[in-house]
Amino acid sequence: MKWSMKDKTSSFDKSLRRKALEVQFRLGESVRLLRKVSGVSQASLGAVLELHQTAICRVEKGSQSLTPAELFLVGKFFGVSINRLVEGDIDFWKVAEKFNRNPPFPARYREFPFSKVRDFLPFLEFVRASSGETYTNALISRLKLNPLYLRSLDQKLSTHVVLDFLRAIISEKRLRASDMGDILRLAREPKAHGFLDLIYREQRQSIDLVQSWVLNARYYDENFIYRIVEAAPRNLLISVQASEHMQKVDFHDPVLGDFLCKYRKLFLAEFPRYIGKSPLRLTERECLYHSGSKCMYQLNLQDSA
């Protein structure tokens, strides 16, 4: 069967329309969530856009699109870029603060907002892939979280969110020691790093890449303070100290054990794979999880590297 140019054009047009509808639906969802988080009524938002409340309702349901001018006004009103509006990549914590509202998380998860979705994503993706959407959604619901608030890599999360999630999947045997390799592979996926991917891709040497990650560690979490103590072409000495608020957080209880310690060590040692390099050799000089005041990691190029 031969395809005519008309058939190809028709198929292309259908694809474009489908994508346009997807964007329109996602944008409506973003507007609804922004309005909910900020405490703004449909009527109030309608007044800003000079639209009737029923039109805002249709926008939120994805059955009516916004003009470029209206889209600009929505972004300006909520303090969100147009790109983030369209993608649904929104830091709702920041929006809530702008409108003097509580962030859209349970009270426990409004404490210690020092984690980011960027650091949490590999664990979330692992559970989705290994245990399925049904289990993952049920777990997120159990923690009283809305998955729509976990889209932005820059979204602030309570340290409790990450630790409670890990405790659950470890205690329910959804995450075992043998799964560490899969977690590390997901942690090296570009989508887990966002804008930082471009920075990492520019690095040509393993030591430079790991040093770059350390310098950008605050974009992943602020629960631990990473410092470069010494840097040379073939080796790197890194110190890791717990932030002050971590004195009030139990991050190495019987369930978690030293999982986070093992994960971070292996992550740093194997991160050069991100740019196709061999792993580094990591020597632990001191360990926060084993009675030390901090962690000290010596990373060296392998002789074959």
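Keep in mind that this is a model prediction, so the values were computed, not measured.
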* Between the main-chain N or O of V86 and the side-chain N or O of R26, is there a donor-acceptor pair closer than 3.5 Å? -> yes
* Is the closest basic N to carboxylate O distance between R108 and D164 below 4.0 Å? -> yes
* To do: May I have the step-by-step check of side-chain contact (heavy atoms from CB on, under 4.5 Å) for L215 and I228, ending in yes or no?
  => CA-CA 8 Å; L215 293 173; I228 296 168; 4.1 Å; yes
* **Non-hydrogen side-chain atoms of R174 and S130 separated by less than 4.5 Å** => no
* Can you find a pair of side-chain heavy atoms, one from Q53 and one from S41, that are under 4.5 Å apart? -> no
* To do: Go through the side-chain N and O atoms of Q203 and Y274 and say whether any donor and acceptor fall under 3.5 Å apart.
  => no
* How long is the gap from CG on N223 to OG on S115, to the nearest 0.5 Å? -> 4.0 Å
* Heavy-atom donor-acceptor pair, E286 side chain to S293 backbone, under 3.5 Å -> yes
* Step by step, would you call K116 with K156 a side-chain contact (heavy atoms from CB on, under 4.5 Å)? -> CA-CA 5 Å; K116 294 284 182 71; K156 289 193 288 188; 3.9 Å; yes
* D91 side-chain N/O to K94 backbone N/O, donor-acceptor pair under 3.5 Å -> yes
* **R264/D119 salt bridge by N-O under 4.0 Å criterion** => yes
* Salt-bridge test for D208 and R204: reply yes if a basic N is under 4.0 Å from a carboxylate O, no otherwise. => no
* Hey, does the side chain of E70 reach the backbone of T67 with a donor-acceptor pair shorter than 3.5 angstrom? -> yes
* Asked: With side chains defined as the heavy atoms from C-beta onward, is the minimum distance between L124 and T136 less than 4.5 Å?
  -> yes
* **E60 bridged to R35 by N-O distance under 4.0 Å** => yes
* **Validation row: L85, L34 side chains within 4.5 angstrom (heavy atoms)** => yes
* Structure fact -> Distance col, row R110:CZ vs L157:CG, nearest 0.5 angstrom, shows 14.0 Å
* Asked: Short question: side chain of Q298, backbone of L237 - any donor-acceptor pair under 3.5 Å?
  -> no
* **Which atom of V48 lies closest to which atom of L73, heavy atoms considered** => O-CD1, 4.0 Å
* Criterion side-chain contact (heavy atoms from CB on, under 4.5 Å) on L236 and L268, from CA distance to verdict -> CA-CA 11 Å; L236 191 66; L268 290 169; over 6 Å; no
* Residues D179 and R176 bridged, charged N to O under 4.0 Å -> no
* May I ask you to check whether F77 and F99 place their ring centers less than 6.0 Å from one another? => yes
* **Minimum-distance pair of heavy atoms, taken over all atoms of L145 and P106** => CD2-CD, 4.3 Å
* Asked: Between R188 and E270, is the closest basic N to carboxylate O distance under 4.0 Å?
  -> yes
* Structure fact -> From the list Q241, M246, K294, side chain to side chain contact (heavy atoms under 4.5 Å, CB included) partner of F224 resolves to M246
* Does S206 reach the main-chain N or O of P272 with its side chain, forming a donor-acceptor pair under 3.5 Å? -> no
* Asked: Taking side chain as C-beta onward, heavy atoms only, is E111 less than 4.5 Å from H245?
  -> no
* **Identified ring-ring contact (aromatic ring centres under 6.0 Å, His included) partner of F105 from the options F92, W93, F112** => W93
* **R167 to V255 - nearest heavy-atom pair and separation** => O-CG1, 3.7 Å
* To do: State whether R142 and E172 are salt-bridged, where the test is any N-O pair (Lys NZ or Arg NE/NH1/NH2 against Asp/Glu carboxylate O) under 4.0 Å.
  => yes
* **Under 3.5 Å: donor-acceptor pair, side chain of H193, backbone of A187** => yes
* **Aromatic contact, Y200 with F271 (centres under 6.0 Å)** => yes
* Examine F165 together with F123 and report whether their ring centres are nearer than 6.0 Å. => no
* Do S38 and F78 come within less than 4.5 Å of each other through their side chains, counting heavy atoms only? -> yes
* Asked: Is it true that L153 and L150 fall in one hydrophobic cluster, defined by side-chain heavy atoms closer than 4.5 Å?
  -> yes
* With a 4.5 Å limit on heavy-atom distance, are the side chains of R118 and Y220 in contact? -> yes
* Asked: So, S171 side chain and A168 main chain: donor-acceptor pair closer than 3.5 Å or not?
  -> yes
* With the threshold set at 4.0 Å, does a side-chain nitrogen-carboxylate oxygen contact exist between E22 and K19? -> no
* To the nearest 0.5 angstrom, please state how far the OG atom of S239 sits from the OH atom of Y297. => 10.5 Å
* Asked: Roughly how far, to the nearest 0.5 Å, is the CG atom of L66 from the CD atom of Q24?
  -> 8.5 Å
* Look at R84 together with D89 and state whether they make a salt bridge at an N to O cut-off of under 4.0 Å. => yes
* Asked: Nearest heavy-atom pair of Q302 and P279: which atoms, and what distance?
  -> CG-O, 3.1 Å
* Structure fact -> L301 and R281 have their tightest heavy-atom pair at O-NH1, 3.8 Å
* To do: Determine whether L148 and R32 make a side-chain contact, defined as any pair of heavy atoms from C-beta on separated by less than 4.5 Å.
  => yes
* Could you walk me through whether S152 and I90 pass the side-chain contact (heavy atoms from CB on, under 4.5 Å) test, one step at a time? => CA-CA 5 Å; S152 174; I90 299 166; 5.5 Å; no
* Structure fact -> Shortest non-hydrogen pair, V40 vs L45, comes out as CG1-N, 3.9 Å
